[in-house]
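Note sheet for the following structure.
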Amino acid sequence: MYTGIWRHLPGGTALRATEALVLVIAISALLLFVVFPWVEPMLPFTEVTITP
Amino acid sequence: MSTATRDRTSAAENTPQRRDLGRTLARGVGQTLITFGLVALLFVVYELWVTDILAARDQQALTEQIQEEWADAPTVTGPVPAPQGPAAPFAPAPIDVGTGDPFAIVHIPRLDADYNRVVVEGVSQVELAQGPGHYIGTAMPGQPGNFAVAGHRVGRGSPFLDLDQMQPGDPIVVETADAWFVYRVLGDAATGNLDTDPSGIPGMEIVPPTDVSVISPTPGDLSGTVTDAYLTLTTCHPKYSARQRLIIHARLDGAPLSKATAPDGPPALAG
């Protein structure tokens with residue numbers, strides 16, 4: 001999978017490395033600010049209230 | 001390194017195509033598992049740090065909002081109580097807030113000299129993501145009954161991370177639009193025993209998540225009888241878990257202090 005992505009990135013090694021870094025940052029940001037906030041309420045870790 | 005040798009010896013049972021397929025499959029599974037691991041690690045980063053940043057931003061906004069509201073309306077009520085009669089006791093204006101709105105600031109000197117968090121109305125995830133939330137329907141600050149507040153232990157600014165450090169007699173100061181209320185953690189301040197309060201209510205307890213009696217008007221008494229003005233803080237326990245709840249009970253200590261006469265807060269806040 002990772003080699004496949006690397007092969008499909010255009011440009012030379014330096015350019016590919018930059019593109020890969022941008023991809024990693026973009027995916028991390030997507031996870032941190034969109035996916036996790038959405039998933040989190042469905043997980044039980046964050047309950048602090050008393051509910052009957 | 002020894003691939004060439006192995007190629008020659010195993011050529012009989014393993015064609016190059018089959019080996020390539022197996023290798024691709026193994027690599028695919030391995031990379032998928034590594035990806036899952038990285039995502040899980042990133043989730044930990046999110047829970048422990050990113051939510052802190054988001055909550056700090058929300059708290060900052062809430063602080064500005066509440067200070068602005070309080071500055072606009074120094075006393076929320078229309079008729080200002082006559083300041084002439086020195087005998088007339090200070091009566092704080094009743095508080096009426098909508099769900100999600102900030103209405104008080106809680107100061108806990110034991111946690112930090114400058115510890116202050118804006119309390120919002122409501123305890124759903126949305127409210128608690130911004131800061132401690134007030135259980136709707138429980139008493140308002142200073143009122144007889146139980147002013148019950150929930151807050152996160154770890155993550156989202158960790159407002160209640162160190163609640164287990166509370167000692168009997170520790171002040172919990174609640175600031176509203178026009179008043180200061182000093183609550184003190186129950187227990188015997190002389191011996192430091194949290195369980196020997198004359199009222200029989202412990203200053204700190206650990207209960208199952210379903211024990212609603214801790215936020216009833218008199219903590220521990222499900223009948224709903226109002227006996228005094230209590231404050232209850234709830235958070236999760238142990239840290240990083242949601243298995244139990246850590247509960248702090250405190251009782252109102254003395255009369256409310258008008259912000260007009262004490263803009264900097266009660267002596268309990270200074271130390």
Side-chain angles (χ1 to χ4, degrees), chain A, chain B residues 24 27-32 34-35 38-39 42-47 49-51 53-54 122-129 132-133 135 138 148-156 159-160 163 207-216 222 232-237 240-243 245-247:
Chain A
M1 175 175 66
Y2 292 113
T3 35
I5 295 172
W6 181 259
R7 230 179 290 124
H8 280 90
L9 287 173
T13 310
L15 185 60
R16 279 180 177 180
T18 321
E19 287 163 356
L21 192 70
V22 169
L23 266 183
V24 167
I25 292 172
I27 290 168
S28 302
L30 183 76
L31 285 172
L32 286 177
F33 298 109
V34 180
V35 179
F36 291 161
W38 170 71
V39 167
E40 199 190 18
M42 302 167 202
L43 302 172
F45 316 134
T46 53
E47 284 165 12
V48 293
T49 57
I50 296 285
T51 39
Chain B
T24 310
R27 193 193 292 135
V29 169
Q31 288 186 350
T32 309
I34 289 173
T35 308
L38 290 175
V39 169
L42 200 63
F43 186 72
V44 172
V45 170
Y46 167 79
E47 279 290 316
W49 287 291
V50 179
T51 59
I53 299 168
L54 299 177
V123 291
S124 72
Q125 301 255 3
V126 187
E127 284 93 38
L128 290 177
Y135 286 87
T138 64
V149 174
H152 281 291
R153 189 87 186 267
V154 177
R156 288 188 177 59
F160 289 171
L163 272 194
V207 301
T210 50
D211 186 0
V212 285
S213 73
V214 295
I215 59 166
S216 56
L222 275 172
T232 294
L233 306 177
T234 75
T235 192
C236 58
H237 187 85
Y240 306 102
S241 161
R243 192 151 39 89
R245 297 291 179 269
L246 174 68
I247 311 294

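Every chain is numbered from 1, with letters handed out A, B, ... down the list of sequences.
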Heavy-atom distance under 4.5 Å to chain A: side chain of B:L246, backbone, both or neither?
-> neither
Measuring heavy-atom distances to chain A, does B:V149 have an atom under 4.5 Å in its side chain, in its backbone, in both, or in neither?
-> neither
B:E47 and B:Y240: side chain to side chain contact (heavy atoms under 4.5 Å, CB included), yes or no, with the steps?
-> CA-CA 10 Å; B:E47 279 290 316; B:Y240 306 102; over 6 Å; no
Minimum heavy-atom distance B:C236-B:A242, with the two atoms named | CB-CA, 4.2 Å
Side chain, backbone, both or neither: which part of B:V50 has an atom under 4.5 Å from a heavy atom of chain A?
-> side chain
Which answer fits B:T24, side chain, backbone, both or neither, if we ask what part of it has an atom under 4.5 Å from a heavy atom of chain A?
-> neither
Who pairs with A:L15 by side-chain contact (heavy atoms from CB on, under 4.5 Å), at least two apart in sequence or on another chain?
-> A:E19
Could you pull out the closest heavy-atom pair between B:V123 and B:L128, with the gap in Å?
-> O-CD1, 3.3 Å
Sequence-distant partners of B:T138, side-chain contact (heavy atoms from CB on, under 4.5 Å), two or more places apart = B:H134, B:Y135, B:A148
Interface check, chain A: of B:I247, B:V45, B:T35, B:I215, most non-hydrogen pairs under 4.5 Å belong to B:T35
Polar side-chain atom of B:E127 near backbone of B:S124 as donor-acceptor pair, under 3.5 Å | yes
How close do B:A150 and B:F160 get, heavy atom to heavy atom, and via which atoms?
-> C-CE1, 3.8 Å
Please check if the side chain of B:T234 supplies one atom and the backbone of A:T49 the other of a donor-acceptor pair under 3.5 Å.
-> no
If we ignore angles and hydrogens, is there a donor and acceptor under 3.5 Å between the side chains of B:H237 and B:R153?
-> yes
Exam field: side chain B:Q31 to backbone A:Y2, donor-acceptor pair closer than 3.5 Å = yes
Give, as side chain, backbone, both or neither, the part of B:R156 having an atom under 4.5 angstrom from any heavy atom of chain A.
-> side chain
Do the side chain of B:S216 and the main chain of B:V212 share a donor and acceptor less than 3.5 angstrom apart?
-> no
Part of residues 28-36 of chain A lying next to chain B, heavy-atom separation under 4.5 Å = A:S28, A:L31, A:L32, A:F33, A:F36
Return yes if some donor-acceptor pair links the side-chain N/O of B:T235 with the main-chain N/O of B:G151 below 3.5 Å, else return no.
-> yes
Is it the side chain or the backbone of B:V207 that comes within 4.5 Å of chain A heavy atoms, both, or neither?
-> side chain
Considering heavy atoms only, which positions within residues 5-13 of chain A lie below 4.5 Å of chain B?
-> none
